[in-house]
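To start, the structure under review is shown below, and the notes come after it.
Just so it is clear: chains get the letters A, B, ... in the order the sequence lines come, proteins before strands, and each one is counted from 1. Predicted model, so just to flag it, every value in this text is computed and none were measured.
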Amino acid sequence: MLNWLHPGFILIITGILMLVLPEKLRRIVMIAGPALTVAAVLLLQEGSWLDVEFIPEITLKLLEVDRLAVMFGVIFAAGSLIAAIYAVNSGNRFENAAEAIYAGASMSVVFAGDWISMIFFWEIMAIASWLIIISSKTEKASKAGFRYLLVHMFGGNMLLAGIILKITQGSFGIECLTGTQDAAFWLILIGVAVNATIPPLHSWIADAYPEAPMGGTVYMASYTTKVGVYCIIKLFAGTEMLLWFGVIMAIFGASMALIENDLRRLFSYHIVSQLGYIVAAAAVGGAVGIDGAAAHTFNNILYKGVLFMCCGAVITATGRRKISQLGGLAKEMPLVAGCFLIASLAITGFPLLNGFVSKSLVMNAMAEGGYHVAEIFLMIASVGTLLSIALKVNYFVFFGKGVREKVEAETGPIEIKPVPLNMKVAMVIGALGCFIVGVMPNLLYGLTPFQSDGHPFTADHVTQYIQLFAAATVAFVMYLDHMAPHEMLTLDTDWLYRKPLKYAVNGLSAGVTNLFNSCYSLVCRLVGKGNVYLHKPSKIAEDAGLHVPERNHGIEDDDVLQKPAGMLVATNMLIGIGAAVIAVLLLT
Amino acid sequence: MLNRKKVYIILAAIMALMVIIEVMWAHPHHHMIWNTVPGFDLLIGFAGGWALIILAKKIMAGILQKEEDYYDREPLAESEEVSNGQGGGGHA
């Protein structure tokens, strides 16, 4: 069989091809590459297939296949196909190439079996995603992209340092680090935490994602963070400390989304919130925990992809990205609104949609591990998801009565351009995926590493979620008048490097510049004063009040005659100072 | 605007139905209070919803929300430009 066919490499080659192919052929390859990738993933068999000797003693395992990697491979490939369909008509060749290479590098991290190939593709992923962000070609995007790159280079370097430690200890293959707690453990954890948006290293996501191009955001929502949680599951499963980070992420992300006004920033915070569930489940570990984390990641790529696609469609159609400037779009954009409704209910965990299926596993992991407080907090985070996406965005952007009139009175009529067909197709495929997994959960459970069954459709599970949501909806309706988002900017931990650190660095550099400038002007003044006397030594006597006989009478500029003498004195002085310095150095 | 009365009635009907189903058919797998007491999830949903609304809209919004041009305003940069003629090359 075709076991040597590396799905990640197919995508990377697709990306390189897109740099050289002509426009029409490029659009075909852009879809064909990911389609081939899907096939390649489905053909994979467990084992290690592409072993390349790097240097003697170190073998690169480029394609190490286990059940967890296959599960991530399947959804990464499907995600890249959907995202390619969505982005096929937009972007120039560089953007499209960066997108494909980015997806391929992410896939290659997942299939990497040793530390060196992992860090190699990890860094390619960071660079490619940075290229996607800056291909928006706006000033904001290039600034946000720069910050994104800095944060990810920091994470990458931490990871690299940890990996170097690991390799010097003689461990080349990727292995679970839970319970080791040495320097390598912490360094790798910090590196991975940047990608998995574990606070306080999470704020790059809401900073950078909203500035990327529409198609690019759909790619980015699927990979960087998911590779992060893949590494959390693979390297840190069962690390109990991470449980509370996960719970904080789930609650914090949902709360930030409640006050956020920019659509894509809101969804970025929901990535943080959803990753919270995944990190918490991975931290509990065990078969159910790992399966729950993996299954939730799988579903997250599906519904988060649809949410970002719908959001991109809304922004493309209206040219507006703030909730406070949108309203009542369901009438003109019924398909987008429908897909969004499905995906937003899926992310909330509504029965018959995919989020419910994997949340059941996550909740079972909490309950079976005896983490009941965490369980309650995750339930409340589900309520937060309902309030901030399923109710807030659906009401204020798509379905709310009277919202449109109010907005148009303030900002002028909302002009709606038609949404391209390929975007609609991609959205519908994604939304169908959410629905199919939701009604046939065994498809998903069969893919998980340990094939745990979440038993989602029992009366207690279903009634539990519907009760939670119905009661929270009452709270939402009670507070509806004050629920509309304000046109404000919400600060996050990126404030630390955008304000105080920036001023510290600027202040330091301004201070150094000032010091240098004042030294320089002091020297200039001294030299300037000295120059006068050197050019015309007789001026010393004049300034001292002595009588100087005018020997050079008749020559207007007697500097010309006096200068050689002055310069001789100056040269002698310099030589004397130099000799003194050398003498002091030699003597001490 | 939204017809609240209608929404409340629909929600109340859904909640009542769910509690009835829970009482009749649910066999909880776990034994915490929210698994065993029918309708306890309603309390979590309602209280949790309000807790989040207050946390986000009252506490976090008050601390974290600034004007939209917050990061573009640079009060320090201008005074620096004035204070040294040759400066400016130094800061990034």
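- Contact tally against chain A (heavy-atom pairs below 4.5 Å) for B/I53, B/L43, B/I14: the top residue is B/I53.
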- Please assess A/D481 against B/R4 for the test salt bridge (Lys or Arg N to Asp or Glu O under 4.0 Å), listing each intermediate value before the final yes or no. CA-CA 12 Å; A/D481 294 340; B/R4 290 187 188 204; 2.8 Å; yes
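- Remark: A/K322 engages B/E68 in a salt bridge, criterion side-chain N to carboxylate O under 4.0 Å.
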- Item | A/R265 vs A/E211, salt bridge (Lys or Arg N to Asp or Glu O under 4.0 Å): CA-CA, chis, key distance, verdict | CA-CA 9 Å; A/R265 272 180 75 90; A/E211 304 307 331; over 6 Å; no
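- When each of A/R147, A/K143, A/R264 is tested with A/D207 by the rule salt bridge (charged side-chain N to carboxylate O under 4.0 Å, His left out), just one qualifies, namely A/R147.
- Ranking A/N364, A/L258, A/L508 against chain B, the residue ahead of the rest is A/L258, based on heavy-atom pairs under 4.5 Å.
- The greatest number of non-hydrogen atom pairs below 4.5 Å with chain B, out of A/T458, A/V383, A/T490, A/D492, is found for A/T490.
- If you measure heavy-atom distances from B/L42 to chain A, the contacts under 4.5 Å come from both the backbone and the side chain.
- In this pair, A/H202 and A/F252 present their aromatic rings perpendicular. The plane angle is above 60°, beyond the 30 to 60° band.
- With chain A as the partner, the residue from B/G48, B/G49, B/A56, B/A61 showing the most heavy-atom pairs under 4.5 Å is B/A56.
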- After noting the C-alpha distance and the side-chain angles of A/R404 and A/E408, does the key distance pass the salt bridge (Lys or Arg N to Asp or Glu O under 4.0 Å) rule? CA-CA 6 Å; A/R404 173 84 166 260; A/E408 286 190 333; 2.9 Å; yes
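- For A/D494, the parts sitting under 4.5 Å from any heavy atom of chain B are the backbone and the side chain alike.
- The contact between B/I44 and chain A is made by backbone and side chain atoms together, counting heavy-atom distances below 4.5 Å.
- With rounding to the nearest 0.5 Å, the separation of CE in B/M15 from OH in B/Y8 is 10.0 Å.
- Ranking A/V512, A/I376, A/L387 against chain B, the residue ahead of the rest is A/I376, based on heavy-atom pairs under 4.5 Å.
- Using a 4.5 Å cut-off between heavy atoms, A/E375 touches chain B through its side chain atoms alone.
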